[in-house]
Amino acid sequence: MPAFDPIVLFFLLGLAAGIARADLRLPPAIYDFLTILLLLSIGLKGGVELAKQPFGALLPQMLAVVLMGILLPLAAYPVLRFAGRLARADAASIAAHYGSVSVGTYAVAVAYLAYRQVAFEEYLPVFLVLLEMPAIVVGILLARGVDRNTPWRVAAREVLLGKSIVLLLGGLLIGWVAGPRGIEPVEALFFDLFKGVLALFLLEMGLIAAGQMGSLRRHGLFLIVFGVAMPLVAGALGAGLGWMLGLSVGGTALLATLAASASYIAVPAAMRLSVPEANPALSLSASLGVTFPFNILAGIPLYHQLAEHIHRLGG
Amino acid sequence: MPAFDPIVLFFLLGLAAGIARADLRLPPAIYDFLTILLLLSIGLKGGVELAKQPFGALLPQMLAVVLMGILLPLAAYPVLRFAGRLARADAASIAAHYGSVSVGTYAVAVAYLAYRQVAFEEYLPVFLVLLEMPAIVVGILLARGVDRNTPWRVAAREVLLGKSIVLLLGGLLIGWVAGPRGIEPVEALFFDLFKGVLALFLLEMGLIAAGQMGSLRRHGLFLIVFGVAMPLVAGALGAGLGWMLGLSVGGTALLATLAASASYIAVPAAMRLSVPEANPALSLSASLGVTFPFNILAGIPLYHQLAEHIHRLGG
Amino acid sequence: MPAFDPIVLFFLLGLAAGIARADLRLPPAIYDFLTILLLLSIGLKGGVELAKQPFGALLPQMLAVVLMGILLPLAAYPVLRFAGRLARADAASIAAHYGSVSVGTYAVAVAYLAYRQVAFEEYLPVFLVLLEMPAIVVGILLARGVDRNTPWRVAAREVLLGKSIVLLLGGLLIGWVAGPRGIEPVEALFFDLFKGVLALFLLEMGLIAAGQMGSLRRHGLFLIVFGVAMPLVAGALGAGLGWMLGLSVGGTALLATLAASASYIAVPAAMRLSVPEANPALSLSASLGVTFPFNILAGIPLYHQLAEHIHRLGG
Amino acid sequence: MPLEQRKLLTIVTEAALEHELVGEIERLGAHGHTITDARGKGGRGIRNAGWNLSANIRIEVVCTAETAHAIAAALRQRYYGNYAMILFFSDVEVLRPEKF
Amino acid sequence: MPLEQRKLLTIVTEAALEHELVGEIERLGAHGHTITDARGKGGRGIRNAGWNLSANIRIEVVCTAETAHAIAAALRQRYYGNYAMILFFSDVEVLRPEKF
Amino acid sequence: MPLEQRKLLTIVTEAALEHELVGEIERLGAHGHTITDARGKGGRGIRNAGWNLSANIRIEVVCTAETAHAIAAALRQRYYGNYAMILFFSDVEVLRPEKF
Ligand SMILES: Nc1ncnc2c1ncn2[C@@H]1O[C@H](COP(=O)(O)O)[C@@H](O)[C@H]1O
Ligand SMILES: Nc1ncnc2c1ncn2[C@@H]1O[C@H](COP(=O)(O)O)[C@@H](O)[C@H]1O
Ligand SMILES: Nc1ncnc2c1ncn2[C@@H]1O[C@H](COP(=O)(O)O)[C@@H](O)[C@H]1O
Ligand code: NA
Ligand code: NA
Ligand code: NA
């Protein structure tokens, strides 16, 4: 069995094509479509499983996860600001990206676990939803302090009414209300095609990541180092938390992946409008050009091993 | 079992997202694609079944259905003109919308019956095709009388060569020529994914319906009342006709749904060009903002009960 | 069993709709998407099978196929130039189109063989990749001689980094690395939907072919005759070569189809930039308006019979 | 470089009219046109491209002043009353006057 | 045909701003606008439409010179510092001055 | 608001040329460009965007009159003979002359 899921080969193809400046790109409408399918699929899957859980039992886990989403950007900020000598707005914006999560990375981790037949708590998409937002609030506060002029409404609108949350949450609700039997008729599209859709999505992500290489070169070594070190640290924290919350090995690996992943859909959009002085090229080249490739190529197997390790040690 | 098919949850999600002005919309190219898939799927399915029928036996049914397509708008017009006090062109245009049919509503009804494992005459897509057109001719005549300047060629082109008819009819023909075995290789796309495609389509329809709410508020109560009452009356007529034609319970429910549904693809396009003085906001807000939601949320189960009732009474 | 695969009915539907000037067209983004899916599917399928072959054994076959790709345009050129009295650039460009291959035609042939359960060497997509390029080089040389100003870099970029090669080759590599088990998770999208995707693609090809009819009428009889005769001759050559290389009946039929098919994606794009004085309407109307329909409607069954015949005669 | 004056007529209107307008423009003497898909807002409300009935197109025609005025007059007469439509003229310079 | 002068203000900027800008333009007195999707390159690098964050839009507003200048001034003040954005004015003639 | 005159050069041509033209425009001194997808009709027939070979693009360049003329001259010389292409100039006013 290869070290990584064959699905990341599509990412590598996109990356290679992008670096070679091949005449290849998915039409924007298709990229949108694939994103919508992924978000709905993940939400629906989570919702169906959520229906089987006693909701009360999840509450403490949910609180702990939100706490992690607040602490991660707070921890990243000083590193970016002082070790990286970044401007305040840039440091805050990047911190927000890394405190939040990446749906694509999560999907690859799910595919990875499925490929290895590792079970996990199927309600984990709930954590995905929960982790989207807190880091954005923290990031805005870090950038502007407690400022009366902060366009909170704009930021809130961008996040709460952004595609990611609406479709994840919408999927969760539909899955929850409809239940396993109700979802059956749409499984062929949302579940059977999931991996294929993810493969195409990764192809495009490779092309996009290749496009970030240029600005990465301009913005120097620090972002590369940060883009690899941060997910490792965050992944370890996430794994630790997963174990403490009593998640299975698979669930622990997924929570580690969520902690380690950096947003490139919801957070950039929100930050662009609420902290406009932050340079989006910096956060995106770190998140898309370094951390995303690192996570799907090397990170996820690592977090999985880590989860196994902790569970073996911790019993 | 819930009162309605879980698939309409996607419509509700779209509606909620639209009303909340969420940043969500399917790219136009995707909406087009989903429509094309639905039309072809329905056509193919019907064509395969048509191959099993003696065509002659269908002819009387087909004539009766066309007659219904002529009578419905004639009945709706005076109500719109005099009770609703609408301008002649507007009354005629809305009448045409309600005399014709909605493919989306039909698809939801098919999903609803399948979910409940209610059988129906599989050649019903033929009626769908037949019902598209007569109401348009009636609507134009109502608007302009027997006028030499009526751009019949434009109207005919819009309908006969419009996407709906070409794909439904094309699908019917292909299904009919290819037969069940010939269609097998394309079933994975056109049949297995049908419900999933419909779910996404309904998501977008929810967003579109939400967009109609504003103009609905402007154009007042009458359209809302008409948009609910008209499908109820037409649905009852359709159910009666279905029973008289000897259709099964499922077929009767589907014919009732066809009668009750209002067009939002073929008719608006044809009317825009042949009766330009009609305000499209009126007909669309009634058809999309009231009747479509009403039918898929409450109407279809009702028409199904009605069909059962008639068959029980009528024997 | 009908004489042709039911899938070509979708082509006929598109053709009829196009000729009738129906209001039907796939959004460009969707056409792009379908092309991408087809190219990746064919590549992946080939790659998986390639993994099972000793590569060395293929080398002689590959060389022979490349040779055919060089000879075909060299043979076509004098006919076009002298019998057809075409300008040098035009003759060279059309020769390049016919020396290269059409992915759509190949896909229909694969569907045709699958429908008839005729086996073939699954690594044939390798030949598809190999045949894309040589004819382009030959075509440019024919048009410009050995000219120092020839923009070889532009032409090379157009082909090597064009969508066709990148996705076919990328698919081959991914399939080869991942192997059958690695590809399994994405089979639902790339393999199960293949025929359906092809059906939609053919629908659009019909519409495009209909658009070529006008310029065909303008450019006269010669192109029509050439567009039918050339594939017949090339198909016979391809069948002969297939038999000499020891391919199965199915493989022989496929190689004949490749030889007989004319490019309409990679070659036109490359020629437009490297031989701009060639009129693209000429080559496209022959390739899309004559040869493509001829091949999928009549050619493929013919090449199949031919392959059977040769194998029967040759033992 | 010898440049000559022409008019650029820009029309923004309902996508449903594309087929008809293109014919009309040609009949009135224009030698070409360019169309892009658009969305927007005006007196007849928001038209934002989600689906065909509410989509806009933006048509540009480079032509002589006479042709531009003839097209504008025809469109005003036939479409202003019932369709979402605006049009405006601007001055442009072209290289090959015989083309326009 | 009586024609009247107006200004055409063309803005090319980040797609992310669409919602905000449309509101701003309306508040400052324009009666309509037209938007097309675009890609391009400028001082802030290549922006080529692959996905929303790097996509551009092109907004056109036909209005009086005063409104055009008011919009330009507001955008310059609020957005020039932090966003990819250009704008330019041209002279156009319209048929129905009351509309713009 | 201090405004300065610049030229707006608009090119409508085959989508296949995008990569090449963008390079050419930059080499000739323009500081940016904006591209939208388009369809249309002209001397070389109907080009309606169904697929890449028959699709058009519409390129806009705001620049000095000299640069505009230099680009136009280069394009005329290299592409007019063999490609579907039109171009035209108009006068625009800009806020930040140093950008263009
Ligand atoms: N002042 C304006 N500036 C730019 N575009 C406009 C303006 N007014 C209207 N439009 C465009 O023209 C279309 C039709 O305008 P109307 O007929 O006023 O609804 C609108 O949907 C807009 O795209
Ligand atoms: N000189 C120019 N001509 C045409 N469009 C331009 C020009 N400069 C910038 N743009 C467009 O305006 C957008 C923002 O410009 P900038 O703020 O300079 O990055 C670019 O992405 C281009 O689409
Ligand atoms: N008179 C015109 N007005 C507007 N656009 C034009 C005109 N002539 C040509 N075009 C556009 O320029 C492209 C190339 O023109 P041509 O080289 O004449 O075929 C066409 O496909 C149209 O999009
Ligand atoms: Na994270
Ligand atoms: Na009806
Ligand atoms: Na060939």
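Please read these numbers as outputs of a predicted model, since none were measured by experiment. In what follows, chains are A, B, ... by sequence order, proteins preceding strands, each numbered from 1.
- Only the side chain of F:V62 comes within contact range of chain E, with at least one heavy atom under 4.5 Å from a heavy atom of that chain.
- Interface remark: F:H33 contributes backbone and side-chain atoms alike to the contact with chain E (heavy atom separation under 4.5 Å).
- Remark: F:H19 NE2 is loosely packed, at most 12 non-hydrogen atoms of other residues, nucleotides or ligands lying under 6.0 Å away.
- Neither the backbone nor the side chain of F:I59 comes within less than 4.5 Å of any heavy atom of chain E.
- What you find for F:T36 and E:A38 is that their closest heavy atoms are CG2-CB, 3.6 Å.
- Counting heavy-atom pairs closer than 4.5 Å to chain E, the top residue among F:V22, F:V92, F:D91 is F:V92.
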With side chain to side chain contact (heavy atoms under 4.5 Å, CB included) as the criterion, how do F:T34 and E:K41 come out once you've worked through the C-alpha distance, each side chain's angles and the decisive distance to 0.1 Å?
CA-CA 7 Å; F:T34 297; E:K41 188 174 170 181; over 6 Å; no

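- Using a 4.5 Å cut-off between heavy atoms, F:E18 touches chain E through its side chain atoms alone.
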List the atom pairs, donor and acceptor, that lie under 3.5 Å between side-chain atoms in residues 93-100 of chain E and the rest of the protein, sequence neighbours left out.
| from | atom 1 | to | atom 2 | distance (Å) |
| --- | --- | --- | --- | --- |
| E:E93 | OE1 | D:K7 | NZ | 3.3 |
| E:R96 | NH2 | D:M85 | O | 2.7 |

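- With a 4.5 Å cut-off on non-hydrogen atoms, E:L8 does not touch chain F at all.
- Residue F:L3 places its CG atom among more than 12 non-hydrogen atoms of other residues, nucleotides or ligands, all under 6.0 Å distant.
- With a 4.5 Å cut-off on non-hydrogen atoms, F:I57 touches chain E through its side chain but not through its backbone.
- Shown here are the salt bridge (charged side-chain N to carboxylate O under 4.0 Å, His left out) partners of E:E60, two or more places apart in sequence or in another chain: D:R58, E:R58.
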